[in-house]
Visitor: 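My questions will all concern the structure given below.
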Amino acid sequence: MATFSDPVLQAMAMRRSLAKVGPGSPSDDELRELLSAVTPVADHKALRPWRLLTLRGDDRARLGAALDAAAGVERDPGETNAKPFRADLLIAVVASPKNHPAVPVWEQHATAAGAAHLLELALWRAGWGVMWRTGLVVNSPEVRALHGLADTELLMGWLYVGSVDADLRARIDEAPRKVLDPEPFLGALPAEDSSV
């Protein structure tokens, strides 16, 4: 397991995606405070081309119904899609590109993804478990309508946020994690073609 003397690098190295989180979630005020950690995201022309929507309580049932409608799933009366209930808080990540001649849409999508990941790191550091979930119907008409998306916006999925059991957190902190081999990921430009 990689260890770093810098606490920020150590928190980044220890982050895990947790498929199962426990009850509880940060308040909106806590989220506002953590969002200050998103400020340094790479953002050409400082367009802030993203927004976040919180889904709590019955909003999760509404999401389940939209997911079912998009997938053509019919349930018995009183039965609901349980997937959105895997966490008390879901944060919808919306890429919201701004019209700018120097910043293409793909770059603004990258900024939105960067903001979401920085928020994941901030949530983890604050003690919360997080899992970024997507799916095949994430941008279906039904799901887009539920989130009130403009035609130019892209729903990039949801951060499922909840508590982390203390024993699980201890196991994660102690568990060896294979260190990334940088060789396949770090390189240089190919040599110049002398025949040109």
Visitor: Please answer: with hydrophobic residues joined when any side-chain heavy atoms are less than 4.5 Å apart, are L123 and V8 in the same cluster?
Guide: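 They do share one cluster, since a chain of ILVMFWY contacts under 4.5 Å joins L123 to V8.
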
Visitor: My understanding is that only residues two or more places apart in sequence, or in another chain, count here; which of them pass salt bridge (Lys or Arg N to Asp or Glu O under 4.0 Å) with R15?
Guide: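 Partners of R15 by the salt bridge (Lys or Arg N to Asp or Glu O under 4.0 Å) criterion, ordered by chain and then number, come out as E120.
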
Visitor: Does atom CG (L180) have a neighbourhood of more than 12 heavy atoms from anything else shown, all under 6.0 Å?
Guide: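 Result for CG/L180: enclosed.
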
Visitor: Do L146 and I91 belong to the same hydrophobic cluster, where Ile, Leu, Val, Met, Phe, Trp and Tyr are linked whenever their side-chain heavy atoms lie under 4.5 Å apart, directly or via other members?
Guide: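 Different clusters: L146 never reaches I91 through Ile, Leu, Val, Met, Phe, Trp or Tyr contacts under 4.5 Å.
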
Visitor: With sequence neighbours excluded, tell me which residues meet salt bridge (Lys or Arg N to Asp or Glu O under 4.0 Å) with R133.
Guide: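 Here no residue qualifies.
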
Visitor: Apply the test side-chain contact (heavy atoms from CB on, under 4.5 Å) to residues V137 and L67: give CA-CA distance (whole Å), side-chain angles for both, the deciding distance (0.1 Å), then the verdict.
Guide: CA-CA 7 Å; V137 298; L67 292 171; 3.7 Å; yes

Visitor: Inspect the contact between E153 and R144 and indicate whether a charged nitrogen and a carboxylate oxygen are less than 4.0 angstrom apart.
Guide: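 No, R144 and E153 are not salt-bridged.
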
Visitor: So, do L155 and V93 sit near enough that their side-chain heavy atoms are less than 4.5 Å apart?
Guide: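 No, side chains not in contact.
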
Visitor: Using side-chain heavy atoms (C-beta onward) and a distance below 4.5 Å, is R75 in contact with T80?
Guide: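 No; the side chains remain at least 4.5 Å from each other.
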
Visitor: With sequence neighbours excluded, what pairs up with R60 under the salt bridge (Lys or Arg N to Asp or Glu O under 4.0 Å) test?
Guide: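 Partners of R60 by the salt bridge (Lys or Arg N to Asp or Glu O under 4.0 Å) criterion, ordered by chain and then number, come out as D88.
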
Visitor: Applying a strict under-4.5 Å side-chain criterion to I, L, V, M, F, W and Y, I'd like to know whether L159 and L90 cluster together.
Guide: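 As far as the 4.5 Å side-chain criterion goes, L90 and L159 are not connected within one cluster.
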
Visitor: Is there a chain of hydrophobic side chains (I, L, V, M, F, W, Y, each step under 4.5 Å between heavy atoms) that links V94 to L52?
Guide: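 They do not share one cluster, since no chain of ILVMFWY contacts under 4.5 Å joins V94 to L52.
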
Visitor: Could you please spell out the steps behind the side-chain contact (heavy atoms from CB on, under 4.5 Å) verdict for V105 and T152?
Guide: CA-CA 9 Å; V105 169; T152 57; over 6 Å; no

Visitor: Do V73 and N81 touch side chain to side chain, with heavy atoms closer than 4.5 Å?
Guide: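 SC-SC contact between V73 and N81 ruled out.
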
Visitor: Do you reckon V138 sits in the same ILVMFWY cluster as V130, going by side-chain contacts under 4.5 Å, direct or chained?
Guide: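 No; tracing contacts between hydrophobic side chains, which count when under 4.5 Å, never links both residues.
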
Visitor: Between V161 and L31, is any pair of side-chain heavy atoms under 4.5 Å apart?
Guide: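 With C-beta onward as the side chain, the pair stays apart.
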
Visitor: Taking only distance into account, with no hydrogens and no angle test, what donor-acceptor pairs under 3.5 Å do side-chain atoms of residues 106-113 form with protein atoms, sequence neighbours excluded?
Guide:
unit_1, atom_1, unit_2, atom_2, d
E107, OE2, H44, ND1, 2.9
Q108, OE1, K98, N, 2.6
Q108, NE2, K98, O, 2.9
Q108, NE2, V103, O, 3.1
T111, OG1, A42, O, 3.0
T111, OG1, E107, O, 3.2

Visitor: With sequence neighbours left out, which residue pairs that include part of residues 126-165 fulfil the ring-ring contact (aromatic ring centres under 6.0 Å, His included) condition?
Guide: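 ring-ring contact (aromatic ring centres under 6.0 Å, His included) check on residues 126-165 returns H147-W158.
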
Visitor: Tell me which donor-acceptor pairs under 3.5 Å the side chains of residues 20-28 have, and how far apart each pair is, sequence neighbours excluded?
Guide:
unit_1, atom_1, unit_2, atom_2, d
S25, OG, R56, NH1, 2.8
S27, OG, D29, N, 3.4
S27, OG, E30, N, 3.1
S27, OG, E30, OE1, 3.3
D28, OD1, R56, NH2, 2.9

Visitor: So I172 and W124, do their side chains get closer than 4.5 Å, heavy atoms only?
Guide: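 Contact flag for W124/I172 side chains = yes.
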
Visitor: Does any non-hydrogen side-chain atom of M131 lie less than 4.5 Å from one of L18?
Guide: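 Not touching, per the 4.5 Å side-chain cut-off.
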
Visitor: How about E79: does its CD atom have over 12 heavy atoms from other parts shown lying under 6.0 Å from it?
Guide: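 Yes.
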
